[in-house]
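Every chain is numbered from 1 and lettered A, B, ... according to where its sequence line falls, protein lines coming before strand lines.
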Protein chains: 2
Amino acid sequence: MSRTVLAIHGGCGVLPRAEMTVSMAADFRQGLEQSLRAGWAILEKGGPALDAVEAAVLVMEDLPLFNAGHGAVFNAEFGHELDAAIMDGADLRAGAVAAARAIRNPIRAARAVMEHTDCALLAGEGADAFAKQHGLEVVEQDYFSTEWRRRALVRMKVMEKDGTQKAATEAQKHGTVGAVALDARGHLAAATSTGGYTNKRLGRVGDSPILGAGTYAEDGVCAVSATGKGEFFMRKLLAYDIAARIKYRGETLAAACDALVQGELRRPGWFSGAGLVAVDAKGAIAMPYNTEGMYRGAVGSDRALSVAIYGD
Amino acid sequence: MSRTVLAIHGGCGVLPRAEMTVSMAADFRQGLEQSLRAGWAILEKGGPALDAVEAAVLVMEDLPLFNAGHGAVFNAEFGHELDAAIMDGADLRAGAVAAARAIRNPIRAARAVMEHTDCALLAGEGADAFAKQHGLEVVEQDYFSTEWRRRALVRMKVMEKDGTQKAATEAQKHGTVGAVALDARGHLAAATSTGGYTNKRLGRVGDSPILGAGTYAEDGVCAVSATGKGEFFMRKLLAYDIAARIKYRGETLAAACDALVQGELRRPGWFSGAGLVAVDAKGAIAMPYNTEGMYRGAVGSDRALSVAIYGD
């Protein structure tokens with residue numbers, strides 16, 4: 001039986017230390033712990049990594065704290081469009097939904113796409129229609145809305161008018177949730193879910209539902225779930241590039257992740273808030289980010305459950 | 001001044017030799033030549049690879065012969081949803097649209113996404129709305145429809161009822177158009193456009209608009225445009241895997257392409273009709289396919305214009 005491990009993130013768009021109250025920090029830590037416990041309950045019984053990452057993400061989709069499901073950010077049209085993907089490292093099976101508007105838990109829809117269709121990605125109206133057909137819970141847009149996120153959109157609209165939106169903090173701009181796991185049978189899996197970023201253009205799809213960009217898992221190599229400015233990750237194939245560096249160049253997981261998050265994605269013209277959680281075939285974990293912090297946590301057969309927000 | 005080259009494909013879903021009349025073959029060859037000439041007119045004057053691949057794809061979108069733009073296949077709802085992407089190897093800038101319904105030339109919309117937004121991919125209603133805002137030509141769904149493709153859908157619906165749809169030929173199932181180029185300044189570019197496959201599920205997005213799956217370009221490495229069963233390419237990161245093999249393992253373009261098209265994509269459980277056109281930084285071309293044929297052609301500073309359909 002191999003080492004088992006679960007690592008999660010709730011996005012690298014953390015509130016700046018100066019704005020984070022003690023009580024809010026406690027809420028975030030509690031949310032991360034709840035997510036880890038949900039996934040770990042499956043892994044510690046010898047269950048599949050695929051189920052564990054889905055369960056961990058599901059918890060964060062339901063919590064209003066995180067930018068996914070309930071609590072998702074508003075797009076430019078005062079609505080919500082949600083993206084999610086899940087990938088099974090055992091056979092590279094995967095499913096994803098993009099720009100979905102009515103699916104309560106996009107990660108469940110992603111899993112259903114994987115299991116009940118020949119497709120890998122369903123977008124827009126088709127994603128919502130599929131979820132309904134398969135009996136997944138559908139909701140009105142209001143379900144996703146929170147006052148906190150509505151205020152963030154209004155602030156961003158004002159900044160847009162002033163031409164100061166580039167100065168928006170990571171927390172105002174984006175956020176994502178994700179999980180990676182290695183199970184007792186040695187299988188890897190990854191899952192990611194997001195509402196995108198505040199004031200995003202209608203129909204904008206980011207890296208989260210794109211295999212090899214924001215989400216990737218391959219047995220014997222690694223599993224990755226990313227958070228940050230997704231367009232850069234799509235152009236760089238962030239998640240798959242980490243896998244390719246390991247497979248083709250023998251880099252360690254830590255070196256491959258750093259080459260992207262602290263290297264490529266900090267170059268002139270490419271500087272972008274970026275973070276990720278990753279686990280390799282031996283259970284090594286990497287949780288790098290180049291922002292002020294990243295909501296994150298991990299638990300495993302040889303490590304106690306721990307969560308963190310900033311670099312302390 | 002470097003060698004310049006343009007390679008195009010009109011899909012690996014060719015009509016079987018037994019069904020292809022002499023007159024149809026002549027039409028396909030003429031269409032391919034027209035596409036090559038449109039792209040080459042730009043390259044031979046020292047123009048950018050990016051403009052050349054867009055121009056080449058545009059011609060095939062407008063011709064009813066190919067599964068893109070006018071002549072796109074029907075989805076399961078008797079409608080059309082179109083995908084396209086374009087990528088500039090110089091700076092990895094890229095744009096794409098997915099599940100678009102009203103854009104006459106999806107490749108133009110992909111380019112506009114790249115140039116006029118911070119986004120890399122717009123899907124569904126948002127893609128159509130963006131195209132309208134930017135003054136691109138929008139059309140009714142009827143514009144895309146051809147009698148040939150309507151009959152293909154009806155046949156596929158019958159086969160679906162009979163449970164014999166797995167026996168459908170590649171020509172009945174899918175098709176795509178694409179182009180790759182190397183320009184006089186040494187820049188690479190790739191473009192791909194498709195209607196997907198006949199009877200596809202509403203909202204299904206394939207590999208074409210996904211960077212690193214069906215479309216990829218990186219200066220100094222290669223440019224790739226793929227055609228075939230896109231879900232496999234998305235899970236394998238077909239286009240970027242070719243680039244990664246060249247970058248990280250020093251494989252030649254030909255070896256890297258063959259490793260995927262004649263190797264990985266012919267393994268048990270992965271057998272899928274696949275083809276692609278690719279060009280590397282020195283102007284070497286690869287046009288592999290594992291189906292009966294692939295509509296294809298190439299032209300360059302040291303090669304006369306040529307087109308082909310089957311392996312002769």
Begin with the C-alpha distance, continue with both residues' side-chain angles, and end with the deciding distance and a verdict on side chain to side chain contact (heavy atoms under 4.5 Å, CB included) for B:Arg235 and A:Arg93. CA-CA 7 Å; B:Arg235 292 157 63 193; A:Arg93 279 199 312 160; 3.6 Å; yes
Please determine whether side chain to side chain contact (heavy atoms under 4.5 Å, CB included) holds for the pair B:Leu202 and A:Leu122, giving the CA-CA distance in whole Å, both sets of side-chain angles, and the decisive distance to 0.1 Å. CA-CA 8 Å; B:Leu202 190 76; A:Leu122 293 178; over 6 Å; no
Under 4.5 Å from any heavy atom of chain B, what part of A:Ala244 do you find: side chain, backbone, both or neither? both
Examine whether an atom of A:Phe232 lies under 4.5 Å from a heavy atom of chain B, and if so say whether it belongs to the side chain, the backbone or both; otherwise answer neither. neither
Got [X] and [Y] here, is their nearest side-chain heavy-atom distance under 4.5 Å?
| X | Y | result |
| --- | --- | --- |
| B:Glu125 | A:Glu81 | no |
| B:Ile246 | A:Tyr248 | no |
| A:Glu231 | B:Asp118 | no |

Just do the side chain to side chain contact (heavy atoms under 4.5 Å, CB included) check on B:Trp270 and A:Leu92 with the steps written out, would you? CA-CA 10 Å; B:Trp270 284 92; A:Leu92 306 183; 3.9 Å; yes
If you count heavy-atom pairs under 4.5 Å between each of B:Gly230, B:Ala243, B:Ala129, B:Ala120 and chain A, which one has the most? B:Ala120
In terms of heavy-atom pairs under 4.5 Å, which option from B:Asp91, B:Asp207, B:Ile210, B:Asn75 contacts chain A the most? B:Asp91
Chain A contact via B:Asp128 - side chain, backbone, both or neither, heavy atoms under 4.5 Å: neither
Least distance between heavy atoms, [X] atom then [Y] atom:
| X | Y | answer |
| --- | --- | --- |
| B:Ala123 | A:Val205 | CB-CG2, 3.7 Å |
| B:Leu211 | A:Leu237 | O-CD1, 3.5 Å |
| B:Arg201 | A:His116 | NH2-O, 4.0 Å |

Based on non-hydrogen pairs under 4.5 Å, which of [options] is most in contact with chain B?
| options | answer |
| --- | --- |
| A:Arg245, A:Lys200, A:Met87 | A:Arg245 |
| A:Ala99, A:Ala127, A:Gly126 | A:Gly126 |
| A:Gly203, A:Ala94, A:Gly124, A:Ala98 | A:Gly203 |
| A:Val97, A:Thr117, A:Asp241 | A:Asp241 |
| A:Glu77, A:Glu251, A:Arg101 | A:Arg101 |

Surrounding CZ of B:Arg108 (heavy atoms of other residues, nucleotides or ligands, distance under 6.0 Å), is the total greater than 12? no
Quick one: do A:Lys236 and B:Glu218 satisfy side chain to side chain contact (heavy atoms under 4.5 Å, CB included)? Show the steps, please. CA-CA 10 Å; A:Lys236 286 277 187 191; B:Glu218 180 176 349; over 6 Å; no
